[in-house]
Amino acid sequence: MLLRLHKDPWRLVVSVAAAFFVLSLIFTLHRHFSFYASYDQGIFNQVFWNGIHGRFFQSSLSSTLSTNVVHDGQVPEVFYHRLGQHFTPALLLWLPLYALFPSPVTLIILQVTLVTCAGGVLYLLAREYLEPTLSARIAVSFYAANAIIGPTLSNFHDLCQIPLFVFGLLLAMEKRWWWLFWLLAILILAVREDSGVILFGVGFYAIVSKRFPRVGLAVCTLSFAYMVILTNAIMPLFSHDISRRFMIERFGHFVDNDKATTLDVLWAIISKPWRLIAELFSPFFGTIKYLLGQWLPLAFVPAISPASWAIAGFPLLQIFMQRGESSIAINIRYAMAVVPGLFYGAILWWHHHPEWFKKPSFRRFWTGCIGLSLIFSLTSNPNRTFSFLIPDSIQPLVYVSLPRQWHHVGCIRSFLKQIPPDASVSASTYIVPHLSSRREILRFPDLQLRNDAREIEKVDYAIADLWQLQQYQVAFKSDRHKLTKEMVPVIEQVTGNGEYGIVGFKDGVIFMQKGTATEPAAVAAWQAFRKEIEPILQKPL
(Lines give C-alpha, C1' and ligand atoms only; values in the text may rest on other atoms or scores of the structure.)
Protein backbone atom coordinates (compact mmCIF):
# COMPACT_ATOMS: atom_id res chain seq x y z
CA MET A 1 0.00 0.00 0.00
CA LEU A 2 2.75 2.46 0.97
CA LEU A 3 4.64 1.57 -2.22
CA ARG A 4 1.56 2.27 -4.36
CA LEU A 5 1.04 5.61 -2.61
CA HIS A 6 4.68 6.50 -3.13
CA LYS A 7 4.34 5.86 -6.87
CA ASP A 8 1.08 7.84 -7.08
CA PRO A 9 1.70 11.28 -5.49
CA TRP A 10 -1.90 12.42 -5.86
CA ARG A 11 -3.19 9.34 -4.02
CA LEU A 12 -0.61 10.01 -1.33
CA VAL A 13 -1.91 13.57 -0.87
CA VAL A 14 -5.53 12.40 -0.78
CA SER A 15 -4.70 9.65 1.72
CA VAL A 16 -2.80 11.99 4.04
CA ALA A 17 -5.54 14.61 3.72
CA ALA A 18 -8.18 12.02 4.60
CA ALA A 19 -6.17 10.88 7.63
CA PHE A 20 -5.72 14.50 8.72
CA PHE A 21 -9.44 15.16 8.32
CA VAL A 22 -10.61 12.07 10.19
CA LEU A 23 -8.13 12.33 13.06
CA SER A 24 -8.60 16.09 13.47
CA LEU A 25 -12.35 15.65 13.51
CA ILE A 26 -12.20 12.86 16.09
CA PHE A 27 -9.94 14.82 18.42
CA THR A 28 -11.74 18.17 18.08
CA LEU A 29 -15.15 16.57 18.60
CA HIS A 30 -13.83 14.75 21.65
CA ARG A 31 -12.39 18.02 22.92
CA HIS A 32 -15.79 19.66 22.54
CA PHE A 33 -17.94 16.91 24.02
CA SER A 34 -15.55 16.36 26.95
CA PHE A 35 -15.89 20.08 27.86
CA TYR A 36 -12.41 21.27 26.86
CA ALA A 37 -13.59 23.63 24.09
CA SER A 38 -13.64 27.09 25.61
CA TYR A 39 -14.96 30.63 25.39
CA ASP A 40 -14.15 31.55 21.78
CA GLN A 41 -16.04 28.49 20.55
CA GLY A 42 -19.07 29.88 22.36
CA ILE A 43 -18.59 33.37 20.95
CA PHE A 44 -18.49 32.21 17.33
CA ASN A 45 -21.39 29.82 17.83
CA GLN A 46 -23.51 32.61 19.32
CA VAL A 47 -22.55 34.94 16.46
CA PHE A 48 -23.68 32.33 13.93
CA TRP A 49 -26.83 31.52 15.94
CA ASN A 50 -27.78 35.20 16.11
CA GLY A 51 -27.01 35.47 12.41
CA ILE A 52 -29.55 32.86 11.34
CA HIS A 53 -32.11 34.75 13.44
CA GLY A 54 -31.39 38.03 11.63
CA ARG A 55 -29.22 39.58 14.35
CA PHE A 56 -25.97 39.65 12.42
CA PHE A 57 -22.71 39.71 14.40
CA GLN A 58 -24.43 40.34 17.73
CA SER A 59 -23.16 38.56 20.84
CA SER A 60 -23.63 38.99 24.57
CA LEU A 61 -20.48 36.88 25.06
CA SER A 62 -18.44 39.32 22.96
CA SER A 63 -20.00 42.20 24.86
CA THR A 64 -18.45 40.82 28.04
CA LEU A 65 -15.03 41.46 26.47
CA SER A 66 -15.87 44.95 25.18
CA THR A 67 -14.18 48.08 26.45
CA ASN A 68 -17.54 49.34 27.76
CA VAL A 69 -17.65 46.39 30.15
CA VAL A 70 -13.93 45.86 30.82
CA HIS A 71 -12.94 49.51 31.27
CA ASP A 72 -16.17 51.39 32.01
CA GLY A 73 -17.89 48.77 34.16
CA GLN A 74 -21.06 48.70 32.08
CA VAL A 75 -23.40 45.72 31.86
CA PRO A 76 -22.98 43.33 28.88
CA GLU A 77 -25.59 43.80 26.15
CA VAL A 78 -27.30 41.14 24.05
CA PHE A 79 -27.43 43.53 21.07
CA TYR A 80 -23.70 44.32 21.12
CA HIS A 81 -22.18 44.17 17.60
CA ARG A 82 -18.95 42.18 17.52
CA LEU A 83 -17.80 44.03 14.37
CA GLY A 84 -16.35 46.68 16.66
CA GLN A 85 -13.90 44.08 18.00
CA HIS A 86 -13.22 42.04 14.88
CA PHE A 87 -14.56 42.86 11.43
CA THR A 88 -15.33 39.42 9.99
CA PRO A 89 -17.93 39.61 7.18
CA ALA A 90 -16.43 36.50 5.49
CA LEU A 91 -18.23 34.41 8.12
CA LEU A 92 -21.47 35.15 6.22
CA LEU A 93 -20.26 32.69 3.56
CA TRP A 94 -20.89 29.82 5.96
CA LEU A 95 -24.15 31.07 7.45
CA PRO A 96 -26.37 28.99 5.08
CA LEU A 97 -24.50 25.85 6.17
CA TYR A 98 -24.97 26.75 9.82
CA ALA A 99 -28.66 27.42 9.18
CA LEU A 100 -29.02 23.82 8.03
CA PHE A 101 -27.12 22.45 11.03
CA PRO A 102 -27.25 25.04 13.85
CA SER A 103 -24.75 23.64 16.33
CA PRO A 104 -21.22 24.30 17.63
CA VAL A 105 -20.33 20.96 16.04
CA THR A 106 -21.00 22.47 12.61
CA LEU A 107 -18.23 25.03 13.20
CA ILE A 108 -15.83 22.29 14.27
CA ILE A 109 -16.47 20.32 11.08
CA LEU A 110 -16.25 23.51 9.00
CA GLN A 111 -12.85 24.42 10.42
CA VAL A 112 -11.35 20.97 9.84
CA THR A 113 -12.81 20.88 6.31
CA LEU A 114 -11.42 24.29 5.32
CA VAL A 115 -7.92 23.43 6.53
CA THR A 116 -7.99 20.01 4.87
CA CYS A 117 -9.06 21.50 1.53
CA ALA A 118 -6.27 24.07 1.77
CA GLY A 119 -3.70 21.26 1.58
CA GLY A 120 -5.24 20.03 -1.68
CA VAL A 121 -5.09 23.51 -3.22
CA LEU A 122 -1.48 23.75 -2.05
CA TYR A 123 -0.65 20.58 -4.01
CA LEU A 124 -2.19 22.08 -7.16
CA LEU A 125 -0.22 25.28 -6.56
CA ALA A 126 3.02 23.33 -6.20
CA ARG A 127 2.31 21.44 -9.44
CA GLU A 128 2.55 24.74 -11.30
CA TYR A 129 6.30 24.61 -10.68
CA LEU A 130 7.29 21.17 -9.42
CA GLU A 131 7.02 17.53 -10.39
CA PRO A 132 4.32 15.45 -8.65
CA THR A 133 6.50 13.70 -6.04
CA LEU A 134 8.01 16.91 -4.72
CA SER A 135 4.62 18.63 -4.80
CA ALA A 136 3.14 15.80 -2.74
CA ARG A 137 5.96 16.08 -0.22
CA ILE A 138 5.15 19.78 0.27
CA ALA A 139 1.46 18.99 0.78
CA VAL A 140 2.33 16.30 3.34
CA SER A 141 4.53 18.85 5.11
CA PHE A 142 1.52 21.15 5.35
CA TYR A 143 -0.58 18.53 7.14
CA ALA A 144 2.31 17.84 9.53
CA ALA A 145 3.01 21.49 10.36
CA ASN A 146 2.60 22.49 13.99
CA ALA A 147 1.20 25.85 12.82
CA ILE A 148 -1.59 23.91 11.07
CA ILE A 149 -2.26 21.09 13.52
CA GLY A 150 -2.36 23.26 16.66
CA PRO A 151 -4.82 25.92 15.41
CA THR A 152 -7.00 23.25 13.73
CA LEU A 153 -7.35 21.45 17.07
CA SER A 154 -8.50 24.65 18.76
CA ASN A 155 -11.77 26.53 19.08
CA PHE A 156 -13.29 27.69 15.81
CA HIS A 157 -11.57 30.86 14.59
CA ASP A 158 -11.82 33.14 11.58
CA LEU A 159 -8.23 32.58 10.45
CA CYS A 160 -9.00 28.96 9.54
CA GLN A 161 -10.17 30.41 6.20
CA ILE A 162 -6.81 32.01 5.42
CA PRO A 163 -4.78 29.01 4.10
CA LEU A 164 -7.51 28.06 1.61
CA PHE A 165 -8.14 31.62 0.44
CA VAL A 166 -4.46 32.56 0.11
CA PHE A 167 -3.38 29.34 -1.62
CA GLY A 168 -6.34 29.81 -3.97
CA LEU A 169 -5.29 33.42 -4.62
CA LEU A 170 -1.71 32.39 -5.41
CA LEU A 171 -2.92 29.60 -7.71
CA ALA A 172 -5.19 32.08 -9.50
CA MET A 173 -2.20 34.41 -9.89
CA GLU A 174 -0.13 31.64 -11.46
CA LYS A 175 -2.99 30.71 -13.80
CA ARG A 176 -3.70 34.38 -14.60
CA TRP A 177 -7.29 33.89 -13.50
CA TRP A 178 -7.60 37.50 -12.47
CA TRP A 179 -11.34 37.41 -11.78
CA LEU A 180 -10.73 34.69 -9.19
CA PHE A 181 -7.64 36.46 -7.89
CA TRP A 182 -9.55 39.65 -7.07
CA LEU A 183 -12.52 37.74 -5.69
CA LEU A 184 -10.24 35.89 -3.26
CA ALA A 185 -8.40 39.13 -2.44
CA ILE A 186 -11.71 40.62 -1.31
CA LEU A 187 -12.53 37.49 0.69
CA ILE A 188 -9.13 37.61 2.41
CA LEU A 189 -9.76 41.21 3.44
CA ALA A 190 -13.17 40.15 4.73
CA VAL A 191 -11.73 37.48 7.03
CA ARG A 192 -10.51 39.96 9.67
CA GLU A 193 -9.59 43.58 9.99
CA ASP A 194 -5.87 42.69 10.00
CA SER A 195 -5.84 40.03 7.27
CA GLY A 196 -4.87 42.80 4.86
CA VAL A 197 -1.35 42.36 6.26
CA ILE A 198 -1.23 38.91 4.61
CA LEU A 199 -2.54 40.29 1.33
CA PHE A 200 -0.05 43.16 1.49
CA GLY A 201 2.74 40.57 1.60
CA VAL A 202 1.47 38.99 -1.62
CA GLY A 203 1.39 42.40 -3.29
CA PHE A 204 4.88 43.19 -2.05
CA TYR A 205 6.19 39.94 -3.55
CA ALA A 206 4.47 40.68 -6.88
CA ILE A 207 6.29 44.02 -6.98
CA VAL A 208 9.80 43.04 -5.85
CA SER A 209 9.81 39.89 -8.01
CA LYS A 210 8.87 42.11 -10.99
CA ARG A 211 6.39 39.45 -12.11
CA PHE A 212 3.20 41.47 -11.68
CA PRO A 213 4.27 44.96 -10.54
CA ARG A 214 0.99 46.68 -11.42
CA VAL A 215 -1.11 44.01 -9.74
CA GLY A 216 1.22 44.09 -6.74
CA LEU A 217 0.94 47.86 -6.41
CA ALA A 218 -2.84 47.65 -6.63
CA VAL A 219 -2.93 44.88 -4.00
CA CYS A 220 -0.68 46.81 -1.60
CA THR A 221 -2.70 49.98 -2.05
CA LEU A 222 -6.02 48.18 -1.61
CA SER A 223 -4.98 46.22 1.48
CA PHE A 224 -3.33 49.17 3.25
CA ALA A 225 -6.18 51.58 2.47
CA TYR A 226 -8.77 49.00 3.54
CA MET A 227 -7.12 48.38 6.91
CA VAL A 228 -6.67 52.08 7.64
CA ILE A 229 -10.22 53.08 6.65
CA LEU A 230 -11.78 50.05 8.34
CA THR A 231 -10.02 50.42 11.69
CA ASN A 232 -10.21 54.22 11.87
CA ALA A 233 -13.61 54.99 10.32
CA ILE A 234 -15.85 51.92 10.08
CA MET A 235 -15.18 49.76 13.14
CA PRO A 236 -15.50 52.72 15.57
CA LEU A 237 -19.09 53.07 14.35
CA PHE A 238 -19.88 49.85 16.21
CA SER A 239 -17.72 50.34 19.31
CA HIS A 240 -14.44 51.85 20.51
CA ASP A 241 -12.82 48.48 21.20
CA ILE A 242 -10.23 48.76 18.44
CA SER A 243 -8.66 51.92 19.89
CA ARG A 244 -9.29 51.50 23.63
CA ARG A 245 -8.69 47.79 24.00
CA PHE A 246 -7.19 45.76 21.19
CA MET A 247 -4.58 48.22 19.93
CA ILE A 248 -3.51 48.97 23.52
CA GLU A 249 -3.43 45.30 24.58
CA ARG A 250 -1.33 44.30 21.56
CA PHE A 251 0.69 47.39 20.69
CA GLY A 252 0.33 49.65 23.72
CA HIS A 253 4.08 49.46 24.39
CA PHE A 254 4.65 51.62 21.30
CA VAL A 255 2.40 54.48 22.48
CA ASP A 256 2.10 56.47 25.69
CA ASN A 257 -1.70 56.90 25.78
CA ASP A 258 -4.52 54.70 27.07
CA LYS A 259 -6.03 54.55 23.60
CA ALA A 260 -4.58 54.51 20.08
CA THR A 261 -5.67 54.07 16.49
CA THR A 262 -3.78 52.03 13.91
CA LEU A 263 -2.39 55.28 12.51
CA ASP A 264 -1.13 56.26 15.99
CA VAL A 265 0.68 52.94 16.33
CA LEU A 266 2.16 53.15 12.83
CA TRP A 267 3.48 56.64 13.49
CA ALA A 268 4.92 55.56 16.85
CA ILE A 269 6.75 52.68 15.13
CA ILE A 270 8.08 54.89 12.35
CA SER A 271 9.20 57.60 14.76
CA LYS A 272 10.83 55.15 17.20
CA PRO A 273 12.37 52.40 15.05
CA TRP A 274 14.74 51.30 17.83
CA ARG A 275 11.76 50.19 19.90
CA LEU A 276 10.52 48.11 16.96
CA ILE A 277 13.91 46.43 16.58
CA ALA A 278 13.94 45.57 20.27
CA GLU A 279 10.44 44.08 20.11
CA LEU A 280 11.25 41.95 17.06
CA PHE A 281 13.82 40.01 19.06
CA SER A 282 12.06 39.94 22.42
CA PRO A 283 11.91 37.36 23.82
CA PHE A 284 14.95 36.29 21.78
CA PHE A 285 14.82 32.53 22.34
CA GLY A 286 11.03 32.52 22.05
CA THR A 287 11.25 34.24 18.67
CA ILE A 288 13.90 31.81 17.41
CA LYS A 289 11.89 28.82 18.65
CA TYR A 290 8.82 30.13 16.85
CA LEU A 291 10.65 30.54 13.54
CA LEU A 292 12.21 27.10 13.81
CA GLY A 293 8.78 25.60 14.47
CA GLN A 294 7.37 27.31 11.38
CA TRP A 295 10.28 26.21 9.17
CA LEU A 296 10.68 22.65 10.48
CA PRO A 297 8.10 20.75 8.35
CA LEU A 298 9.66 22.21 5.19
CA ALA A 299 13.19 21.21 6.23
CA PHE A 300 14.00 24.89 6.97
CA VAL A 301 13.82 25.85 3.28
CA PRO A 302 11.69 28.99 3.96
CA ALA A 303 14.58 30.40 6.00
CA ILE A 304 16.62 30.76 2.79
CA SER A 305 13.77 31.54 0.39
CA PRO A 306 13.49 35.25 -0.52
CA ALA A 307 9.88 34.77 -1.57
CA SER A 308 8.97 33.32 1.84
CA TRP A 309 10.42 36.37 3.57
CA ALA A 310 8.73 38.73 1.10
CA ILE A 311 5.22 37.33 1.68
CA ALA A 312 5.37 35.91 5.21
CA GLY A 313 7.58 38.71 6.51
CA PHE A 314 4.67 41.09 7.05
CA PRO A 315 2.44 38.75 9.13
CA LEU A 316 5.59 37.70 11.03
CA LEU A 317 6.34 41.37 11.71
CA GLN A 318 2.80 41.84 13.01
CA ILE A 319 3.17 38.84 15.34
CA PHE A 320 6.59 39.80 16.69
CA MET A 321 5.47 43.39 17.36
CA GLN A 322 2.70 42.27 19.69
CA ARG A 323 3.07 42.35 23.45
CA GLY A 324 3.37 39.12 25.44
CA GLU A 325 4.47 35.58 24.61
CA SER A 326 1.04 34.28 23.57
CA SER A 327 1.42 35.91 20.15
CA ILE A 328 4.38 33.64 19.37
CA ALA A 329 2.63 30.47 20.52
CA ILE A 330 2.61 28.27 17.45
CA ASN A 331 -0.51 26.38 18.54
CA ILE A 332 -2.84 29.39 18.39
CA ARG A 333 -4.66 30.82 15.38
CA TYR A 334 -2.23 33.63 14.50
CA ALA A 335 0.36 31.08 13.37
CA MET A 336 -1.86 30.16 10.40
CA ALA A 337 -1.43 33.64 8.93
CA VAL A 338 2.26 32.94 8.32
CA VAL A 339 1.87 29.50 6.71
CA PRO A 340 0.81 30.41 3.12
CA GLY A 341 3.77 32.70 2.49
CA LEU A 342 6.27 30.18 3.87
CA PHE A 343 4.94 27.33 1.73
CA TYR A 344 4.66 29.37 -1.47
CA GLY A 345 8.20 30.63 -0.96
CA ALA A 346 9.38 27.03 -0.47
CA ILE A 347 7.72 26.04 -3.76
CA LEU A 348 9.58 28.78 -5.61
CA TRP A 349 12.87 27.84 -3.95
CA TRP A 350 12.47 24.21 -5.02
CA HIS A 351 11.68 25.40 -8.54
CA HIS A 352 15.17 26.91 -8.74
CA HIS A 353 16.94 24.11 -6.82
CA PRO A 354 15.30 20.82 -7.91
CA GLU A 355 18.62 18.99 -7.72
CA TRP A 356 18.49 18.96 -3.91
CA PHE A 357 15.45 16.70 -3.93
CA LYS A 358 17.39 14.11 -5.90
CA LYS A 359 19.75 13.62 -2.99
CA PRO A 360 18.63 10.67 -0.79
CA SER A 361 20.31 12.23 2.24
CA PHE A 362 18.23 15.39 1.95
CA ARG A 363 15.02 13.45 1.39
CA ARG A 364 15.75 11.47 4.56
CA PHE A 365 16.47 14.70 6.41
CA TRP A 366 13.17 16.19 5.23
CA THR A 367 11.29 13.06 6.28
CA GLY A 368 12.89 13.37 9.71
CA CYS A 369 11.80 17.02 9.92
CA ILE A 370 8.21 16.07 9.07
CA GLY A 371 8.29 13.38 11.74
CA LEU A 372 9.71 15.77 14.33
CA SER A 373 7.05 18.35 13.48
CA LEU A 374 4.36 15.75 14.08
CA ILE A 375 5.92 14.68 17.37
CA PHE A 376 6.27 18.26 18.63
CA SER A 377 2.71 19.05 17.53
CA LEU A 378 1.19 16.13 19.42
CA THR A 379 3.36 16.19 22.54
CA SER A 380 2.70 19.92 23.03
CA ASN A 381 -0.93 18.95 23.75
CA PRO A 382 -2.31 21.84 21.66
CA ASN A 383 -5.27 23.51 23.33
CA ARG A 384 -5.54 20.60 25.80
CA THR A 385 -6.82 18.36 23.02
CA PHE A 386 -4.81 15.38 24.26
CA SER A 387 -5.26 15.93 27.98
CA PHE A 388 -6.74 12.44 28.25
CA LEU A 389 -3.35 11.09 27.10
CA ILE A 390 -0.80 13.70 28.15
CA PRO A 391 -0.57 15.37 31.58
CA ASP A 392 -1.20 19.11 31.50
CA SER A 393 1.60 19.51 34.02
CA ILE A 394 4.42 17.20 35.08
CA GLN A 395 5.66 19.04 38.17
CA PRO A 396 3.27 19.20 39.90
CA LEU A 397 1.43 16.36 38.16
CA VAL A 398 -1.95 17.31 36.68
CA TYR A 399 -3.68 14.56 34.75
CA VAL A 400 -7.33 13.62 34.29
CA SER A 401 -7.87 10.19 32.76
CA LEU A 402 -10.35 9.50 29.97
CA PRO A 403 -12.84 7.58 32.17
CA ARG A 404 -12.70 10.34 34.79
CA GLN A 405 -13.32 13.00 32.13
CA TRP A 406 -16.40 11.25 30.82
CA HIS A 407 -17.79 10.54 34.26
CA HIS A 408 -17.61 14.28 34.86
CA VAL A 409 -19.24 14.96 31.47
CA GLY A 410 -22.29 12.96 32.55
CA CYS A 411 -22.69 15.09 35.66
CA ILE A 412 -22.58 18.34 33.68
CA ARG A 413 -25.04 17.10 31.06
CA SER A 414 -27.55 16.07 33.70
CA PHE A 415 -27.85 19.77 34.61
CA LEU A 416 -27.76 21.11 31.05
CA LYS A 417 -30.89 19.10 30.22
CA GLN A 418 -32.79 21.11 32.81
CA ILE A 419 -32.07 24.51 31.21
CA PRO A 420 -34.78 25.62 28.72
CA PRO A 421 -33.39 26.58 25.28
CA ASP A 422 -34.73 30.15 25.52
CA ALA A 423 -33.66 30.82 29.13
CA SER A 424 -30.92 33.28 30.02
CA VAL A 425 -27.90 31.61 31.57
CA SER A 426 -24.42 32.18 32.95
CA ALA A 427 -21.89 29.36 32.61
CA SER A 428 -18.23 28.78 33.36
CA THR A 429 -15.80 28.92 30.45
CA TYR A 430 -15.82 25.31 29.27
CA ILE A 431 -19.60 24.96 29.54
CA VAL A 432 -20.29 28.15 27.56
CA PRO A 433 -19.97 26.56 24.05
CA HIS A 434 -22.67 23.99 24.87
CA LEU A 435 -25.19 26.66 25.90
CA SER A 436 -24.27 29.39 23.40
CA SER A 437 -27.12 28.77 20.94
CA ARG A 438 -29.26 31.37 22.68
CA ARG A 439 -29.72 35.13 22.86
CA GLU A 440 -28.82 35.71 26.52
CA ILE A 441 -25.70 34.05 27.87
CA LEU A 442 -22.75 35.23 29.96
CA ARG A 443 -19.60 33.74 31.42
CA PHE A 444 -19.86 32.98 35.13
CA PRO A 445 -19.44 34.74 37.55
CA ASP A 446 -21.16 37.51 35.51
CA LEU A 447 -24.90 37.39 36.16
CA GLN A 448 -26.31 40.70 34.83
CA LEU A 449 -27.02 41.70 31.24
CA ARG A 450 -29.02 44.24 29.28
CA ASN A 451 -31.76 42.55 27.27
CA ASP A 452 -33.45 43.56 24.02
CA ALA A 453 -35.87 45.77 25.96
CA ARG A 454 -32.78 47.71 27.18
CA GLU A 455 -33.50 46.56 30.72
CA ILE A 456 -30.88 45.17 33.09
CA GLU A 457 -31.79 41.74 34.40
CA LYS A 458 -30.19 38.81 36.20
CA VAL A 459 -29.92 35.54 34.26
CA ASP A 460 -32.37 32.75 35.00
CA TYR A 461 -29.79 29.99 35.51
CA ALA A 462 -26.15 29.72 36.48
CA ILE A 463 -23.91 26.68 36.16
CA ALA A 464 -20.22 26.48 37.04
CA ASP A 465 -17.68 23.67 36.88
CA LEU A 466 -15.61 24.10 40.03
CA TRP A 467 -14.17 20.59 39.86
CA GLN A 468 -12.10 21.31 36.76
CA LEU A 469 -10.60 24.40 38.37
CA GLN A 470 -9.90 22.35 41.48
CA GLN A 471 -7.90 19.84 39.41
CA TYR A 472 -5.86 22.42 37.52
CA GLN A 473 -5.32 25.11 40.15
CA VAL A 474 -2.35 23.29 41.65
CA ALA A 475 -0.32 24.06 38.51
CA PHE A 476 -2.09 27.06 36.98
CA LYS A 477 -2.39 30.22 39.06
CA SER A 478 -5.12 31.66 36.82
CA ASP A 479 -7.38 28.69 37.59
CA ARG A 480 -6.78 29.13 41.32
CA HIS A 481 -7.67 32.82 41.04
CA LYS A 482 -10.92 32.04 39.20
CA LEU A 483 -11.87 29.46 41.81
CA THR A 484 -10.94 31.36 44.97
CA LYS A 485 -11.38 35.04 44.05
CA GLU A 486 -14.15 35.00 41.45
CA MET A 487 -16.46 32.01 41.57
CA VAL A 488 -16.71 30.89 45.20
CA PRO A 489 -17.27 34.43 46.59
CA VAL A 490 -20.06 35.09 44.06
CA ILE A 491 -21.72 31.75 44.78
CA GLU A 492 -21.70 32.47 48.51
CA GLN A 493 -23.08 35.97 47.96
CA VAL A 494 -25.98 35.17 45.63
CA THR A 495 -27.03 32.05 47.52
CA GLY A 496 -26.61 33.72 50.88
CA ASN A 497 -28.91 36.64 50.03
CA GLY A 498 -31.50 34.37 48.42
CA GLU A 499 -31.16 35.67 44.84
CA TYR A 500 -30.35 32.18 43.60
CA GLY A 501 -31.12 28.78 44.99
CA ILE A 502 -28.79 25.82 44.65
CA VAL A 503 -30.92 23.25 42.84
CA GLY A 504 -28.13 20.82 42.06
CA PHE A 505 -24.57 20.00 42.99
CA LYS A 506 -22.72 16.99 41.67
CA ASP A 507 -19.03 16.20 41.18
CA GLY A 508 -17.98 19.80 41.75
CA VAL A 509 -20.57 21.25 39.36
CA ILE A 510 -22.99 23.75 40.90
CA PHE A 511 -26.38 24.48 39.32
CA MET A 512 -28.38 27.49 40.48
CA GLN A 513 -31.72 29.02 39.53
CA LYS A 514 -32.91 32.57 40.16
CA GLY A 515 -35.67 33.01 42.70
CA THR A 516 -35.92 29.31 43.50
CA ALA A 517 -35.78 27.61 46.87
CA THR A 518 -32.57 25.78 47.62
CA GLU A 519 -32.57 21.96 47.55
CA PRO A 520 -31.31 20.64 50.92
CA ALA A 521 -29.37 17.76 49.34
CA ALA A 522 -27.68 20.14 46.88
CA VAL A 523 -26.71 22.53 49.67
CA ALA A 524 -25.24 19.68 51.70
CA ALA A 525 -23.16 18.56 48.71
CA TRP A 526 -22.00 22.15 48.11
CA GLN A 527 -21.00 22.61 51.73
CA ALA A 528 -19.05 19.35 51.70
CA PHE A 529 -17.18 20.49 48.57
CA ARG A 530 -16.65 23.93 50.11
CA LYS A 531 -15.02 22.29 53.11
CA GLU A 532 -12.87 20.14 50.82
CA ILE A 533 -11.44 23.16 48.98
CA GLU A 534 -11.00 25.28 52.11
CA PRO A 535 -7.17 24.81 52.10
CA ILE A 536 -7.12 26.10 48.51
CA LEU A 537 -9.21 29.13 49.45
CA GLN A 538 -6.84 29.99 52.29
CA LYS A 539 -3.70 29.59 50.17
CA PRO A 540 -2.20 32.92 48.98
CA LEU A 541 -1.93 33.44 45.22
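Side-chain polar atoms of D241 and S239 form a donor-acceptor pair below 3.5 angstrom. For the residue pair S141 and W366, a side-chain donor N or O sits within less than 3.5 Å of a side-chain acceptor on the partner. No hydrogens or angles considered: a donor-acceptor pair under 3.5 Å links the side chains of S380 and N331. For the residue pair S59 / Q46, a side-chain donor-acceptor distance below 3.5 Å is found, with atom types taken as modelled. Using modelled atom types, one finds no donor on one side chain facing an acceptor on the other under 3.5 Å when comparing D446 with T64.
Centroid-to-centroid, the aromatic rings of Y430 and F35 stay 6.0 Å apart or farther. Centroid-to-centroid, the aromatic rings of F362 and W350 come within less than 6.0 Å.
In this structure, R211 is not positioned above the aromatic face of Y205 in the sense of NZ or CZ being under 6.0 Å from the six-membered ring centre and within 45° of the axis. F357 does not carry R137 over the face of its six-membered ring by the limits of under 6.0 Å from the centre and within 45° of the normal. A cation-pi arrangement is absent between R333 and F156 under the rule of less than 6.0 angstrom and at most 45 degrees off the ring axis.
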key: side chain to side chain donor-acceptor pair (under 3.5 Å) between Y129 and E174, intermediate numbers included   = CA-CA 10 Å; Y129 285 98; E174 297 296 346; 2.8 Å; yes
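No more than 12 heavy atoms of other residues, nucleotides or ligands sit less than 6.0 Å from atom CZ of F224. More than 12 non-hydrogen atoms from other residues, nucleotides or ligands lie less than 6.0 angstrom from NE2 of H71.
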